[in-house]
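Since we're looking at a predicted model, the values are computed, not measured.
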Amino acid sequence: MKNLKYILYSVAAVSLLYSCTPAGGNYAGKEYMPDMAHSVGFESQSYANYSRNNWDSASVINRKFLSRPLNPAAGTIPRGYAGFSFASPGAYDSIMNILRGGNRLNATAVPVNGKVPYHYGDSEEERIRASKDIVGNPFPISEAGLAKGKELYDIYCGICHGEKGDGAGYLVRDANPAKGDLGGVYPAAPANFMLDTFYISTNGRFYHAIMYGKNVMGGYAEKLSYEERWQVIHYIRSLQATAKGLAYSASANTLNSSFAVPAAQVKKLATAPPPPPPPAPASGDGTKSKSGK
């Protein structure tokens with residue numbers, strides 16, 4: 001009987017020591033309540049299930065679905081901004097200062113990421129709808145904006161649409177070996193912004209093309225931010241105005257006043273006194289009182 005007791009003690013001690021044996025080789029080891037020590041969460045961009053996840057399969061969402069890249073919810077705006085209604089050039093500078101982290105020493109600059117919600121689809125019907133709905137440019141015409149628009153236009157647009165917006169960019173114009181010009185490598189002719197149809201087109205036509213592209217042209221929504229798209233459109237309008245002998249600058253817009261407001265005019269609007277309230281209706285004008293009499 002005494003020997004049996006020692007045998008039981010020995011078996012218990014060996015079992016205890018074995019249960020505490022560290023993992024190694026093909027032995028994964030033993031843990032008490034492993035889901036408290038190791039997260040059962042999934043790894044991003046990994047299709048493998050957690051090896052020690054012992055929940056039933058019906059209660060676990062498919063790892064492949066959770067790990068793949070997902071689109072954000074409709075209308076989501078990442079850290080950045082969604083545009084604003086200008087009140088004066090000073091207000092514009094103030095907002096840009098806040099977004100770019102210049103208002104405080106420990107402020108974090110907010111990137112202009114171009115993720116402004118755009119509620120128009122990629123179809124011909126939606127392009128026509130955007131052209132009808134989007135008329136004016138939300139940013140005033142400024143010298144700095146036109147300079148930035150020119151820089152971006154030359155990078156992303158001029159190579160096809162031409163430096164003058166006439167559709168004679170490097171990739172499509174005829175070769176001129178005498179000048180070292182080997183153009184003509186792109187067979188499709190891009191849009192010529194100097195045609196009358198583009199002069200009278202609203203800004204929505206240009207913005208929709210930047211967002212989704214048109215024909216063989218791809219979209220530039222991920223290359224140009226919200227503000228940058230509108231500054232490029234400003235610059236295209238300035239090219240049109242120059243070709244017509246008209247003004248499109250921070251001081252005047254004789255191309256089409258409904259397309260954009262010059263910064264100088266914005267300042268006048270912001271400092272102008274509010275209009276007087278409408279006169280009260282004269283007594284005896286036939287209107288009924290609250291009692292209906």
key: Asp122: partners by salt bridge (Lys or Arg N to Asp or Glu O under 4.0 Å), with sequence neighbours left out   = none
key: Expected output: side-chain Tyr212 to main-chain Gly218 donor-acceptor under 3.5 Å   = no
task = Can you sort out the partners of Tyr118 under side-chain hydrogen bond (donor to acceptor under 3.5 Å, both in side chains), two or more places apart, ordered by chain and number?
result = His208
message = Tell me the closest heavy-atom pair linking Gly145 and Gln231, and the distance in Å.
response = CA-OE1, 3.4 Å
query = Any donor and acceptor pair, going by atom type alone, linking the side chain of Thr202 with main-chain N or O of Ser131 inside 3.5 Å?
reply = yes
ask   = Looking at CG of Leu224 and SG of Cys157, how far apart are the two atoms once the value is rounded to the nearest 0.5 Å?
value = 6.5 Å
message = Just to verify, what does Ser251 make a side chain to side chain contact (heavy atoms under 4.5 Å, CB included) with, not counting sequence neighbours?
response = Ser249
request  = Name all residues meeting the side-chain hydrogen bond (donor to acceptor under 3.5 Å, both in side chains) criterion together with Ser201; count only those two or more places apart in sequence or in a different chain, and write none if there are none.
outcome  = Arg205
ask   = Among all residues two or more places apart in sequence or in another chain, which pass the salt bridge (Lys or Arg N to Asp or Glu O under 4.0 Å) test with Lys244?
value = Asp196
remark   = Residues passing the side-chain hydrogen bond (donor to acceptor under 3.5 Å, both in side chains) test with Tyr207, sequence neighbours excluded, are Arg229
ask   = For Ser123, what residues pass the side chain to side chain contact (heavy atoms under 4.5 Å, CB included) criterion, not counting sequence neighbours?
value = Glu125, Glu126
note = By side chain to side chain contact (heavy atoms under 4.5 Å, CB included), Leu195 pairs with (sequence neighbours left out) Asn192, Thr197, Phe198
inquiry  = To check you understand the geometry: which heavy-atom pair defines the closest contact between Asn137 and Asn203, and what is its length?
reply    = N-ND2, 3.3 Å
task = Assess the side chains of Asp133 and Tyr120: does a donor N or O sit below 3.5 Å from an acceptor N or O?
result = yes
key: Verdict with supporting geometry, Met194 and Lys164, side chain to side chain contact (heavy atoms under 4.5 Å, CB included)   = CA-CA 9 Å; Met194 300 299 110; Lys164 299 179 181 179; 6.0 Å; no
inquiry  = Please evaluate residues Glu227 and Trp230 with respect to the criterion side chain to side chain contact (heavy atoms under 4.5 Å, CB included), reporting the C-alpha separation (whole Å), side-chain torsions for both, the decisive distance (0.1 Å), and the verdict.
reply    = CA-CA 5 Å; Glu227 179 182 356; Trp230 285 112; 5.9 Å; no
Which donor-acceptor pairs under 3.5 Å do side chains of residues 146-155 form with protein atoms, sequence neighbours excluded?
unit_1	atom_1	unit_2	atom_2	d
Lys150	NZ	Asp154	OD2	2.8
Tyr153	OH	Gly162	O	2.6

ask   = Within 45 degrees of the axis of the six-membered ring of Phe259 and under 6.0 Å from its centre: does Arg237 put its NZ or CZ there?
value = yes
query = What residues form a side chain to side chain contact (heavy atoms under 4.5 Å, CB included) with Ala252, not counting sequence neighbours?
reply = Ala247
task = Could you pull out all residues at least two apart from His161 that satisfy ring pair (Phe, Tyr, Trp, His ring centres under 6.0 Å)?
result = Phe193
remark   = With sequence neighbours left out, the residues meeting side-chain hydrogen bond (donor to acceptor under 3.5 Å, both in side chains) with Lys214 are Glu124
